[in-house]
Chemist: 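Can you keep this structure in mind? I'll have questions shortly.
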2 protein chains.
Amino acid sequence: MLASVPGRPTFKRLPRAVREQQMLDAAVRVFSRRGFHEASMDEIADEAGISKPMVYAYLGSKDDLFRACVNREGTRLLESIVAVVADDLPADEQLWRGLRGFFGFVGAHRDGWAVLYRQARSGQPYDLATLRTRIVEVVAGMLRSAVESQSRQARDEDLTASAYALVGAAESIADWLADHPEADPDRSAARLMNFSWLGARQLLQGELWQPSSA
Amino acid sequence: MLASVPGRPTFKRLPRAVREQQMLDAAVRVFSRRGFHEASMDEIADEAGISKPMVYAYLGSKDDLFRACVNREGTRLLESIVAVVADDLPADEQLWRGLRGFFGFVGAHRDGWAVLYRQARSGQPYDLATLRTRIVEVVAGMLRSAVESQSRQARDEDLTASAYALVGAAESIADWLADHPEADPDRSAARLMNFSWLGARQLLQGELWQPSSA
DNA sequence: GAGTAACCTTACGCAGGAGTAGATATGCTG
DNA sequence: CAGCATATCTACTCCTGCGTAAGGTTACTC
């Protein structure tokens with residue numbers, strides 16, 4: 001079939017590792033704009049510039065593929081946050097860095113974010129529940145050590161609740177950010193920093209938070 | 001077919017309005033636990049104790065049905081918030097009432113909440129985007145009037161961002177609440193009130209917010 | 001107590017899309 | 001430049017689940 005023009009190969013061969021990443025890139029794009037179910041394996045294969053059986057050969061079923069996407073993007077996201085938060089910094093500085101890392105990721109990987117936030121949440125809780133829980137725990141741990149450094153006490157549930165609130169607020173703003181490509185991630189981070197650190201009361205009184213390090 | 005036993009009717013007839021509500025109830029339950037795509041019309045019909053063509057006759061296609069669910073639950077949710085917020089109250093009191101209304105709804109309609117939050121967000125933005133936007137606008141309006149009552153100025157984008165943060169934080173805690181049936185909605189509302197009104201800084205210093213009206 | 005409109009059912013057509021079988025192309029290695 | 005492992009394709013099968021056609025059943029009305 002496929003008239004093989006001599007001199008110009010019918011298709012280009014690439015090593016497995018490379019193709020796998022291309023497929024994942026394509027899958028993330030398609031999942032992000034269609035959602036898990038609306039996305040067809042044909043479309044993903046097409047987007048990757050490859051045929052369907054390749055996807056099955058390398059990455060398994062549609063479910064496996066989706067899991068792989070969530071894993072890759074989730075790991076990247078978590079890295080973006082954890083990498084910049086150092087334990088020995090004051091709480092506001094840690095928070096500020098974490099937020100910048102988070103929004104930086106979202107700004108740079110809008111598709112990945114969409115998959116994690118809009119798609120992965122719906123169906124079975126792939127490994128996303130775990131990921132989100134881990135982020136919440138990181139934040140809660142941050143708050144806890146901040147409280148303890150003032151030799152105070154706080155109920156663990158209250159800290160966890162605050163962590164949930166913080167993560168949810170970040171997700172909400174990130175979602176807005178994902179739909180506004182012209183917006184600046186750092187600006188979003190600053191807005192949320194003001195809100196979450198100062199609280200609505202201070203904010204309504206005109207107070208503003210300023211990063212200590214330029 | 002179906003040997004009609006005399007004296008015991010083969011099925012019970014009910015007026016359309018009643019059946020429609022039963023169907024919507026069933027659909028919300030099924031959508032909430034399966035997600036839009038995993039939910040089959042057969043299962044919904046079964047859950048409603050009725051056969052499939054009835055669903056099509058009364059509520060149209062699967063898409064229509066889902067829209068109807070989102071509409072009903074969304075309207076109820078919005079009502080729960082708007083109904084209790086009076087314009088002439090101080091900002092913290094308005095916020096407190098809004099939060100209580102919101103968490104009250106979630107606690108009482110966990111399925112409905114799951115449909116709105118986890119399912120409707122994924123696919124095409126039915127009327128949910130509208131709903132969420134409306135809620136954000138209500139909150140933003142609240143903040144704006146609070147600022148103006150202090151004859152101050154604030155950039156509109158900053159207010160909107162705060163509103164997004166607040167809504168996102170509420171959603172996040174609500175989501176946790178939906179998975180913890182034993183938890184008290186009012187307690188969740190109080191926790192978020194503390195976080196969002198006082199901010200992390202005050203909270204870490206041990207400050208607490210108290211409702212003025214018992 | 002017949003007529004009729006509104007309910008309600010069983011049983012099917014049909015499309016879309018996941019996953020696979022089997023054949024072919026490519027390029028590295030000696 | 002022949003041999004072989006690996007990469008790749010085309011062309012199917014088959015199942016799931018949406019939506020519907022055609023025909024019973026019930027209870028209200030006069």
Side-chain angles (χ1 to χ4, degrees), chain A residues 1-24 26-27 30-31 33-69 119 122-124 126, chain B residues 1-24 26-27 30-31 33-69 119 122-124 126:
Chain A
M1 195 73 57
L2 199 61
S4 60
V5 182
R8 196 167 42 195
T10 335
F11 52 79
K12 201 149 116 203
R13 285 174 67 130
L14 286 177
R16 175 166 182 155
V18 176
R19 272 280 190 262
E20 278 183 351
Q21 290 307 310
Q22 291 181 347
M23 288 177 190
L24 285 177
V30 175
F31 280 137
R33 65 168 174 262
R34 298 265 190 244
F36 177 76
H37 275 280
E38 300 297 344
S40 77
M41 293 298 268
D42 289 276
E43 181 174 2
I44 291 171
D46 196 54
E47 175 96 13
I50 213 83
S51 74
K52 197 168 44 158
M54 288 305 302
V55 183
Y56 281 90
Y58 283 175
L59 294 169
S61 71
K62 187 179 183 182
D63 238 66
D64 294 336
L65 176 60
F66 189 69
R67 240 187 294 272
C69 290
Q119 310 311 333
S122 326
Q124 299 76 26
Y126 296 93
Chain B
M1 197 73 57
L2 201 59
S4 60
V5 181
R8 194 164 44 193
T10 334
F11 51 78
K12 204 152 116 205
R13 288 175 66 134
L14 287 177
R16 175 165 184 155
V18 175
R19 269 280 137 77
E20 277 183 352
Q21 290 307 311
Q22 291 182 347
M23 289 177 189
L24 285 177
V30 175
F31 280 137
R33 65 168 176 261
R34 298 264 191 244
F36 176 75
H37 275 279
E38 300 297 344
S40 77
M41 294 298 269
D42 290 277
E43 181 175 1
I44 291 171
D46 195 54
E47 175 97 14
I50 214 84
S51 74
K52 198 166 43 156
M54 286 306 301
V55 182
Y56 282 90
Y58 283 175
L59 293 168
S61 72
K62 185 179 184 181
D63 238 67
D64 293 336
L65 175 59
F66 190 69
R67 241 188 294 271
C69 290
Q119 309 312 335
S122 326
Q124 300 77 25
Y126 297 91

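A, B, ... follow the sequence lines: proteins, then strands. Residue 1 opens every chain.
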Chemist: Give me the atom names and distance for the closest heavy-atom approach of Ala39(A) to Val30(A).
Modeler: CB-CG1, 3.7 Å
Chemist: By a strict heavy-atom criterion of less than 4.0 Å, which residues belonging to residues 13-21 of chain A are in contact with DNA chain C?
Modeler: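 Only Arg13(A) qualify.
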Chemist: Between the side chain of Asp64(B) and the main-chain N/O of Ser61(B), is any donor-acceptor distance below 3.5 Å?
Modeler: yes
Chemist: Round to the nearest Å and state the distance from Asp46(A) atom CG to dG17(C) atom C1'.
Modeler: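 The distance from CG of Asp46(A) to C1' of dG17(C) comes to 15 Å, rounded to the nearest Å.
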Chemist: Figure out the CD1/P separation between Ile44(A) and dG17(C), and round it to whole Å.
Modeler: 12 Å
Chemist: So how far is it from Ile44(A) CD1 to Met23(A) CE, rounded to the nearest 0.5 Å?
Modeler: 11.0 Å
Chemist: Give the minimum heavy-atom separation between Arg19(A) and Lys12(A), together with the two atoms involved.
Modeler: NH2-O, 3.0 Å
Chemist: List the residues meeting side chain to side chain donor-acceptor pair (under 3.5 Å) with Glu47(B), not counting sequence neighbours, and say none if there are none.
Modeler: Arg29(B), Arg33(B)
Chemist: Using side-chain contact (heavy atoms from CB on, under 4.5 Å), reason through Gln22(B) and Ile50(B) one step at a time and then give a plain yes or no.
Modeler: CA-CA 9 Å; Gln22(B) 291 182 347; Ile50(B) 214 84; 5.6 Å; no
Chemist: Can you tell me how far P of dG24(D) sits from CE of Met54(B), to the nearest Å?
Modeler: 18 Å
Chemist: Taking the inter-plane angle between the rings of Phe31(A) and Phe66(A) on a 0 to 90° scale, is it parallel (under 30°), tilted (30 to 60°) or perpendicular (over 60°)?
Modeler: perpendicular
Chemist: Would you mind telling me which of Lys62(A), Arg34(A), Lys52(A) makes a salt bridge (Lys or Arg N to Asp or Glu O under 4.0 Å) with Glu43(A)?
Modeler: Arg34(A)
Chemist: Sugar-phosphate means primed atoms, P, OP1 and OP2; the rest is base. With that split, encode nucleotides 17-23 of chain D 5' to 3' as B, S or - using protein heavy atoms under 4.0 Å.
Modeler: -BBBB--
